[in-house]
Amino acid sequence: FSNPEHVVLEEVYRTPYQEHAYLETNGMLAMPDGLGGILLQGSLQCPHYVQKAVAVVLGIEMAKVRIVQLCTGGGFGGKEDAPSAPGSHCALLAWKTKRPVKLVYTREEDMICMSKRHPGKVRYRMACSKDGVIQAIDVDYWLNGGAYTTLSPVVLWRGLVHAGGPYRVPNVRVHAYAVRTDTVPCGAFRGFGEPQIVFAVEAHMDAMAERLGLDPVTFRLKNLLDYGDETITGHKIETSCGMREV
């Protein structure tokens with residue numbers, strides 16, 4: 001970044017909360033199975049998350065918790081680990097009363113307490129040669145995780161490894177942070193940590209193209225990953241790369 005021949009641009013980008021807005025709200029039906037275990041049916045994506053949570057709450061072996069995923073009216077990540085909460089509430093009531101219990105959230109309840117896409121903040125700094133070849137990026141990436149960890153670490157990881165976008169970047173520094181706050185928990189959402197950082201990458205590519213006086217498509221084509229190139233994490237592209245055709 002200290003090379004006087006390079007053009008350096010730094011900007012900060014922010015992305016907001018996003019609600020999954022699945023057609024069907026979270027809903028569960030729990031029933032004691034008569035054999036010392038519990039059966040839970042519901043609208044969910046990842047049965048094993050819910051199974052483990054219910055087993056912990058009830059203090060029983062996972063083998064005694066049977067989870068059945070019914071036909072699910074939308075999820076998009078919002079029904080991965082988040083249904084563990086209504087699932088555990090429903091299972092606990094059924095366990096204590098020894099009767100079937102159904103729990104279905106209203107839309108208002110679902111939007112208040114179910115997970116959201118993480119709001120993001122990205123400080124993006126890029127150095128390019130004057131002819132438009134990327135030389136380096138320096139990135140800080142923050143995600144607002146909300147009050148509980150949920151899936152924030154792996155969502156953060158996905159954003160971190162894609163911080164260079166589909167471009168050749170020989171010199172890279174990326175620091176990524178998931179921050180716990182007193183707001184609604186955030187978790188899985190279609191794209192899984194990438195949309196926030198990709199928004200910043202592509203917005204910055206446009207801004208840098210303007211600074212260099214280049215057409216934004218030309219600038220991208222000049223820097224696209226191709227066969228034999230490596231991503232910022234050292235993955236060598238050897239079998240498939242259709243970026244130019246795209």
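Just so you know, these numbers use all the heavy atoms, side chains as well, and skip hydrogens, waters and symmetry mates. Residues take their numbers from the sequence shown, with the count starting at 1. All figures in this text were calculated on a predicted structure; none of them were measured in a lab.
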Original post:
Is it the case that more than 12 heavy atoms not belonging to Glu10 sit under 6.0 Å from its CD atom?
Top reply: yes
**OP:** Would you name the heavy atoms of Val50 and Leu40 that are closest together and state the gap between them?
**Re:** CG1-CD2, 3.7 Å
**OP:** Determine whether Phe192 and Ile232 fall in the same hydrophobic cluster, where Ile, Leu, Val, Met, Phe, Trp and Tyr are linked whenever their side-chain heavy atoms lie under 4.5 Å apart.
**Re:** yes
**OP:** For Cys128 and Leu212, run side chain to side chain contact (heavy atoms under 4.5 Å, CB included): C-alpha distance rounded to whole Å, both residues' side-chain angles, the deciding distance at 0.1 Å, then the answer.
**Re:** CA-CA 9 Å; Cys128 287; Leu212 293 167; 4.2 Å; yes
Original post:
Can you check whether Ile237's main-chain N or O pairs, donor with acceptor, with Thr239's side chain at less than 3.5 Å?
Top reply: no
Original post:
What closest approach, in Å, do Ile137 and Gly164 show between heavy atoms, and which atom pair accounts for it?
Top reply: CD1-CA, 3.9 Å
Original post:
So how far is it from Ile134 CD1 to Phe219 CZ, rounded to the nearest 0.5 Å?
Top reply: 4.5 Å
**OP:** Check whether any side-chain heavy atom of Gln135 sits under 4.5 Å from a side-chain heavy atom of Asn3, and report yes or no.
**Re:** no
Subject >> Asp33 (side chain) donor-acceptor with Leu39 (main chain) under 3.5 angstrom >> reply: no
Subject >> Interatomic distance, Thr72 atom OG1 to Asn26 atom CG [nearest 0.5 angstrom] >> reply: 9.5 Å
**OP:** Return yes if some donor-acceptor pair links the side-chain N/O of Gln51 with the main-chain N/O of Met62 below 3.5 Å, else return no.
**Re:** yes
Subject >> Main-chain N/O of Gly27 paired to Ser43 side chain as donor or acceptor, under 3.5 Å >> reply: no
Original post:
What distance do Lys102 atom NZ and Met28 atom CE have between them, rounded to the nearest 0.5 Å?
Top reply: 13.0 Å
Original post:
Do Met126 and Met205 have side-chain heavy atoms sitting under 4.5 Å apart?
Top reply: yes
Original post:
Is it the case that one hydrophobic cluster holds both Leu156 and Val154, taking links as side-chain heavy atoms less than 4.5 Å apart, direct or via other members?
Top reply: yes
Original post:
For the hydrophobic clusters of this structure (ILVMFWY residues joined by side-chain heavy atoms under 4.5 Å, transitively), does one cluster hold both Met243 and Val201?
Top reply: yes
**OP:** Work out which heavy atom in Lys64 is nearest to a heavy atom in Leu35; give both atom names and the distance.
**Re:** NZ-O, 4.2 Å
Original post:
Less than 4.5 Å apart, any side-chain heavy atom of Leu103 and any of Leu93?
Top reply: no
**OP:** Might you point out which heavy atoms bring Val65 and Ile60 nearest each other, and give the distance in Å?
**Re:** CG2-CD1, 3.7 Å
Subject >> N/O donor-acceptor pair under 3.5 Å between His20 side chain and Ala188 backbone >> reply: yes
Original post:
Hey, does the side chain of Glu80 reach the backbone of Cys46 with a donor-acceptor pair shorter than 3.5 angstrom?
Top reply: no
Subject >> Main-chain N/O of Phe189 paired to His118 side chain as donor or acceptor, under 3.5 Å >> reply: no
Original post:
Does Tyr148 OH have over 12 foreign heavy atoms under 6.0 Å away?
Top reply: no
Subject >> Aromatic centroids of His6 and Phe1 separated by under 6.0 Å >> reply: no
**OP:** Using a 4.5 Å cut-off on heavy atoms from C-beta on, say whether the side chain of Leu58 contacts that of Leu92.
**Re:** yes
**OP:** State the OG1-CG distance between Thr181 and Asn144, to the nearest 0.5 angstrom.
**Re:** 3.5 Å
Subject >> Asp140/Arg173 salt bridge by N-O under 4.0 Å criterion >> reply: yes
**OP:** Identify the heavy atoms of Pro86 and Tyr105 that sit nearest to each other, and give their distance.
**Re:** CB-OH, 3.6 Å
**OP:** Determine whether Val133 and Lys222 make a side-chain contact, defined as any pair of heavy atoms from C-beta on separated by less than 4.5 Å.
**Re:** yes
Original post:
Would you call the rings of Tyr13 and His204 parallel, tilted or perpendicular, where under 30° means parallel and over 60° means perpendicular?
Top reply: perpendicular
Original post:
More than 12 foreign heavy atoms under 6.0 Å from CZ of Arg158: is that the case here?
Top reply: yes
Original post:
Going by atom types only, do Thr183 and Tyr17 share a side-chain donor-acceptor pair under 3.5 Å?
Top reply: yes
**OP:** May I ask you to decide whether Glu24 forms a salt bridge with Lys79, counting only side-chain N to carboxylate O separations under 4.0 Å?
**Re:** yes
Original post:
Can you tell if the side chain of Ile67 reaches within under 4.5 Å of the side chain of Leu44, non-hydrogen atoms only?
Top reply: yes
**OP:** List the steps and the verdict of salt bridge (Lys or Arg N to Asp or Glu O under 4.0 Å) for Arg220 and Asp206.
**Re:** CA-CA 9 Å; Arg220 284 172 169 83; Asp206 284 339; 2.8 Å; yes
**OP:** Drop me the distance from Ile197's CD1 to His162's NE2, to the nearest 0.5 angstrom.
**Re:** 11.0 Å
Original post:
Should we say atom NZ of Lys52 is surrounded by more than 12 heavy atoms from elsewhere, each under 6.0 Å from it?
Top reply: no
**OP:** Side-chain contact test, heavy atoms from C-beta onward, threshold under 4.5 Å: evaluate it for Val101 versus Leu29 and give yes or no.
**Re:** no
Subject >> Straight-line distance of Met114 CE to Tyr22 OH, nearest 0.5 Å >> reply: 6.5 Å
**OP:** Indicate yes or no for a side-chain donor-acceptor contact from Arg168 to the backbone of Leu224 under 3.5 Å, with no hydrogens or angles considered.
**Re:** yes
**OP:** Indicate, with yes or no, if Val8 and Tyr124 share a hydrophobic cluster defined by side-chain heavy-atom contacts under 4.5 Å among Ile, Leu, Val, Met, Phe, Trp and Tyr.
**Re:** no
Original post:
Can you tell if the side chain of Thr150 reaches within under 4.5 Å of the side chain of Ser115, non-hydrogen atoms only?
Top reply: no
Subject >> Closest heavy-atom pair and its distance - Lys116, Asp110 >> reply: NZ-O, 4.0 Å
Original post:
When you measure from the side chain of Thr25 to the backbone N and O of Arg107, does any donor-acceptor pair fall under 3.5 Å?
Top reply: no
Subject >> ILVMFWY network linking Leu160 to Val122, side-chain heavy atoms under 4.5 angstrom >> reply: yes
